[in-house]
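First the proteins, then the strands, lettered A, B, ... as listed; each starts at 1. Model, not experiment: these values are computed from the prediction.
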Amino acid sequence: MATPTPSALADDEVQRYARHLVMPEVGRDGQERIKAARVLCVGAGGLGSPLLLYLGAAGVGTLGIVDFDVVDVSNLQRQVIHGTPDVGRKKLASAAERLRAVNPHVQVRPFETRLTSQNAMEILQDFDVVVDGTDNFATRYLVNDACVLSGKPNVHGAVFRFEGQASVFSAPGGPCYRCLYPEPPPPGTVPSCAEGGVLGILPGLVGLIQATETLKLLLGKGDPLVGRLLLVDALAMRFREVKIRKDPACPVCGERPTVTGLIDYEAFCGTRGGPLEARGMGAEMTVEELAARRQAGDEPLLLDVREPHELRICSIGGLHIPMNEVPARLGELDPSRELVVYCRSGARSGQVVAFLRQRGFARAVNLTGGILAWADRVDQKVAKY
Amino acid sequence: MLLGRAEGGERRVTLALRCRNADPAPRRRYALDPRELLAALKLARGRGEEVVGFYHSHPGGPARPSAADLAEAHWPGCAYVVTAVEGGCAGETRSFVLAGSEEERRFAEEPVERGLPVEAGGAGLTPGGAPAAG
Ligand SMILES: [Zn+2]
Ligand SMILES: [Zn+2]
């Protein structure tokens, strides 16, 4: 990221930012950089609320906000930029008003729209840093790819129940979200915060980690969360880091990218902006998780929904009911048991999981990426076809 | 990776998970695949346990962490267990707890007690703890 050209401070701003100006890491020069900076926040919800408040208070000159939602009373438990009188108002209007009250020197640029493949590059072009406060996978992949393609850092955060994660993706030389998760989990297999709940304080904690990383990027100071996924466990109150490397085979930032322009992310994620929680914290199962459960002697029941001729090519075990026969053969399955459904790529089994969940199989999960992912990442002896 | 419980400065291992070495030079260094690490954390949570350590071997090398091992170790309070391997046979096994601050990290050796074999073909190690309950 090119650090913004400093923009001179007025006298009342010097007073306002006095506690920054005395810090050698910020100082007048740093504060002027912050003032010149343009930060885009996608979503004015749980993560966007605290980070917008603090970035505004810290003096970020231009804050772009993309949101088209309306404040609901159930948002107020965590979306602290909105107040009780704002219920029913546009989140954009409520957030902009609150930011003006916090700091009139901040210019708010509202985008009352859903971020789409059509408008993302145009919206992003006027900003230096993008902060991801989205609540669905389609937008998360869109933000990631748009940031990689336009060379802008993507300050990531996610929360679910008592857990959260944060990282800085798409920074020069660093990995992107797809280096860790090349593909989204199949639709219907991941509970949202609305279904699973979230401790109201957690988006505050994680959103402010995002705000901190944003200011560090603008100042060019410190050690940014690049190549590191920070995991926050509020119950244990423990912060852990997982090192992430830039994947040379990444479909968007790798050596031979296959994604060179924005795609249809809702089709890619198989859902119209479906629900989201932080990856790896919920009901979808990765091949690594299944492998670990196998090693632990705690393997869940597997259900192979491929056609009989595919079974002859290779198998990773379990019960076999071809996809089309599942509705008629539900009686063979125990709805109270954990059930991991798989197929070749995870697409058909994703549909089966969505069907099973409708029928009360609350513990049915899809094996993300199916046999192909298993063959790639766990057991190379399994044939790929 | 080693799953189990940590209490009173001791770690009791109940499960040893084999992991792929994601390093491009796997005979000389080791690196965890972040997806496997996230999977292990989720498995531990499901068992009411935590990730208490990491184990690896040094083919033709001593049973103590290398400088690269220290550089790659980031989880304070976890045990880093190293087994020397000579001529394809496992030799000495020692365990080191990551201590100190992020700027000044160091390994502190701890006694290793062998309890009952841990699950999943693990080495039966109980770093710094009483005999494992199994
Ligand atoms: Zn990437
Ligand atoms: Zn080593």
Side-chain angles (χ1 to χ4, degrees), chain A residues 158 160-163 165 167 175 177 179-183 223 227-233 235-236 238-248 278-300 338 363 365 367-369 373 376-380, chain B residues 1-7 13-25 29-55 68-69 71-78 98 101-103 105 117-123 134:
Chain A
F160 185 67
R161 295 191 173 158
F162 286 97
E163 289 170 58
Q165 62 184 41
S167 191
Y177 185 70
C179 291
L180 184 60
Y181 297 114
E183 285 175 3
D223 215 353
R228 299 183 285 150
L229 180 70
L230 182 68
L231 304 173
V232 179
D233 176 351
L235 269 186
R238 183 157 48 208
F239 291 65
R240 295 273 203 215
E241 271 182 36
V242 175
K243 207 169 188 174
I244 316 167
R245 286 168 180 79
K246 193 172 163 80
D247 182 357
R279 293 293 288 263
M281 296 176 191
E284 116 264 21
M285 188 170 285
T286 63
V287 292
E288 287 84 4
E289 282 166 47
L290 179 60
R293 292 277 298 269
R294 236 180 213 190
Q295 283 194 50
D298 177 31
E299 184 172 346
E338 186 176 17
R363 300 181 66 200
V365 300
L367 186 66
T368 311
D376 273 338
R377 292 170 8 211
V378 176
D379 185 359
Q380 275 80 25
Chain B
M1 262 169 279
L2 301 168
L3 270 55
R5 284 170 222 276
E7 261 167 43
V13 177
T14 60
L15 173 64
L17 283 179
R18 285 179 305 275
C19 292
R20 238 157 24 99
N21 187 346
D23 197 276
R29 293 154 52 91
Y30 83 100
L32 287 164
D33 181 329
R35 286 178 286 225
E36 287 190 335
L37 189 44
L38 293 170
L41 283 167
K42 187 169 169 184
L43 175 64
R45 187 164 47 240
R47 293 162 61 97
E49 296 180 340
E50 51 190 308
V51 172
V52 294
F54 303 89
Y55 71 95
D69 290 339
E72 288 291 311
H74 294 287
W75 289 21
C78 275
L98 186 64
S101 61
E102 182 60 32
E103 301 76 50
R105 288 172 302 128
V118 301
E119 276 181 70

Q. Between A/Leu290 and chain B, which part of the residue has a heavy atom less than 4.5 Å away: side chain, backbone, both or neither?
A.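 A/Leu290 has no heavy atom closer than 4.5 Å to chain B.
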Q. Which answer fits A/Arg377, side chain, backbone, both or neither, if we ask what part of it has an atom under 4.5 Å from a heavy atom of chain B?
A.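 The answer is both parts of A/Arg377.
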Q. For B/Leu41, is it the side chain, the backbone, both, or neither that has a heavy atom closer than 4.5 Å to a heavy atom of chain A?
A.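 Just its side chain gets close to chain A.
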Q. Tell me, side chain or backbone of B/Arg35 under 4.5 Å from chain A's heavy atoms, or both, or neither?
A.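 Both backbone and side chain.
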Q. Atom CZ in B/Phe54, atom CG in B/Leu17: separation rounded to 0.5 Å?
A.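 Reported to 0.5 Å precision, the distance equals 11.0 Å.
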Q: To the nearest 0.5 Å, tell me how far B/Asn21 CG sits from B/Glu36 CD.
A: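 Result: 10.0 Å between the selected atoms.
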Q: Please identify each residue that fulfils side-chain hydrogen bond (donor to acceptor under 3.5 Å, both in side chains) with A/Glu338, with sequence neighbours left out.
A: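 For A/Glu338, the residues satisfying side-chain hydrogen bond (donor to acceptor under 3.5 Å, both in side chains) (neighbours in sequence not counted) are A/Arg293.
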Q) Which residues pass the side-chain hydrogen bond (donor to acceptor under 3.5 Å, both in side chains) test with B/Asp69, sequence neighbours left out? A)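 If we apply the side-chain hydrogen bond (donor to acceptor under 3.5 Å, both in side chains) test to B/Asp69, skipping adjacent residues, the hits are B/His56, B/His58, B/Ser66.
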